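Below: the structure, in structure tokens.
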There are 2 protein chains.
Amino acid sequence: MKVTAIEEYGLRCLLLLARNGGESMTLSEIGVKEGLSVPYVSKLLMILRKAGLVKADRGRNGGYLLASAPQRVTLGEVMNSLGEPLLSSGHCKRYSGERDSCVHSADCSIRSVWRSFDRIFSSLLESITLADLVSGGDRLGAFGDFRLNGSASNPQQRDDVAEVPLRNANTLAT
Amino acid sequence: MKVTAIEEYGLRCLLLLARNGGESMTLSEIGVKEGLSVPYVSKLLMILRKAGLVKADRGRNGGYLLASAPQRVTLGEVMNSLGEPLLSSGHCKRYSGERDSCVHSADCSIRSVWRSFDRIFSSLLESITLADLVSGGDRLGAFGDFRLNGSASNPQQRDDVAEVPLRNANTLAT
DNA sequence: AATATCCTTTACAAAAAAGTAAAGTATATT
DNA sequence: AATATACTTTACTTTTTTGTAAAGGATATT
């Protein structure tokens, strides 16, 4: 279960632009600020441009800038532009082993899990904007304390899984 | 954001063993049932054995079987054995671009998001056992309706993000 | 108009992940 | 003991992802 390089770096570049207050930045400026090579930044920004998340001005005084205000860009849009969701439409065909279609395609309990995770993930991603990440602190810190509850749509069946305890944080390099 | 092949197929093999009622299965039996090549199944089961999730009997009448009862094996243990968590300890070093350490290592708002997601994921994974997947239906169907609430530990700050609506399900191949 | 700057496109190279092959070791049956 | 079965180990090949290179096209300045 991993965040891909394109997703990680692409999001970083967008965030950098979001922090730049509507001013455009050149590929080399972005490269320097993010510690990435110019050709690689070029590739990332091209993906973002084709997805409509950034605009480019060519020629002298050119550069990249966000296509929309940071408050209007959700992480959902960003992640969908940079990579596939956890459970993509191609998942079952991709992981079909030696066959053309997965032996579990008719009835797959694992897929149910991934689908649930994908939904949870997506709704969280949709709820966070680039502006939230720029302002940092308040909005974001709150997510660290999230826990899961069953929904109200099917209340009689979920007492056993409500209020799942959170595990300890990972130890990070920094 | 993706589930790796090792994670997907490894989990499938464990689930197959869980459904086999404590009886051992040979590599070729597993391969046939899962539509995977024997050498590949061999690789997967070796990873699982070294992680202590399955036991192997060698020689004639040999085979693999779960090391613990399905009720006692969580998806958390499984996923941790087969791959890295969403935010691993090596994340910041891995995605450091051209430098030795990431330029954001001191203060990274993206990391906060991944950390939160990782915690949510992990607590869900810890709450699901192989037995839950085997029995299917009730326990699992419930997850599809999950939604997120803020926790009680910091209640005054999270009204704005409580009750996030779920997006529509992905269209799958089947 | 020439030029320097900066984005665009296509193709290629390197690294990582996925998947295969083959020779080796252990065990039960004959 | 010989043999067939089945796991184990190491090395290798293929595919995918990541990252680089280079030539081309657009725009503002001089």
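Residue numbers begin at 1 in each chain, while the letters A, B, ... track the order of the sequences. All values derive from a computational prediction rather than experimental measurement.
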I need the residues from residues 24-38 of chain A with at least one non-hydrogen atom less than 4.0 Å from DNA chain D; give them sorted by number, or say none.
A/Ser37
Describe, in one word, how the ring planes of A/Phe121 and B/Phe117 are oriented to each other, choosing from parallel (under 30°), tilted (30 to 60°) and perpendicular (over 60°).
perpendicular
Is the shortest side-chain N/O distance from B/Lys43 to OP1 or OP2 of D/dT10 below 4.0 Å?
no
May I have the distance from [X] (atom [atom1]) to [N] (atom [atom2]), rounded to whole angstrom?
{"X": "B/Asp57", "N": "D/dT8", "atom1": "CG", "atom2": "C1'", "answer": "14 Å"}
{"X": "A/Tyr40", "N": "D/dT20", "atom1": "OH", "atom2": "C1'", "answer": "11 Å"}
{"X": "A/Glu84", "N": "D/dT16", "atom1": "CD", "atom2": "C1'", "answer": "13 Å"}
{"X": "B/Leu48", "N": "D/dT8", "atom1": "CG", "atom2": "C1'", "answer": "15 Å"}

Taking all non-hydrogen atoms of both residues, which atom of [X] and which atom of [Y] are closest, and how far apart?
{"X": "A/Cys13", "Y": "A/Leu44", "result": "SG-CD1, 4.1 Å"}
{"X": "B/Glu126", "Y": "B/Gly76", "result": "OE2-CA, 3.6 Å"}
{"X": "B/Lys55", "Y": "B/Ala67", "result": "CG-CB, 4.1 Å"}

How would you label the contact of [X] with the nucleic acid (heavy atoms, under 4.0 Å): base, sugar-phosphate, or nothing?
{"X": "A/Leu45", "result": "nothing"}
{"X": "A/Lys55", "result": "nothing"}
{"X": "A/Lys50", "result": "sugar-phosphate"}

Donor-acceptor contact below 3.5 Å, side chain A/Arg111 vs main chain A/Ser105:
yes
Mark yes or no for whether A/Ser88, through its side chain, and A/Pro85, through its backbone, hold a donor-acceptor pair below 3.5 Å.
no
Closest-nucleotide mapping onto DNA chain C: is A/Tyr95 or A/Met46 further toward the 5' terminus? I mean the 5' end.
A/Met46
Have a look at B/Leu17 and tell me which of B/Leu65, B/Leu48, B/Val54 forms a side-chain contact (heavy atoms from CB on, under 4.5 Å) with it.
B/Val54
Both B/Arg60 and B/Tyr64 contact DNA chain D. Which one's nearest nucleotide lies toward the 5' end?
B/Arg60
Here's a test of your reading of the structure: between A/Val3 and B/Gly62, which maps to the more 5' nucleotide of DNA chain D?
B/Gly62
Min and max contacting nt of DNA chain C in 5' to 3' order, chain A heavy atoms within under 4.0 angstrom, are C/dT5 to C/dA17
Got A/Met1 and B/Met1 here, is their nearest side-chain heavy-atom distance under 4.5 Å?
no
Find out whether A/Leu11 and A/Val3 are in side-chain contact, i.e. whether some heavy atom of one side chain is under 4.5 Å from a heavy atom of the other.
no
Would you indicate which nucleotide in D/dG19, D/dC7, D/dT16 comes nearest to any side-chain atom of B/Ala56?
D/dC7
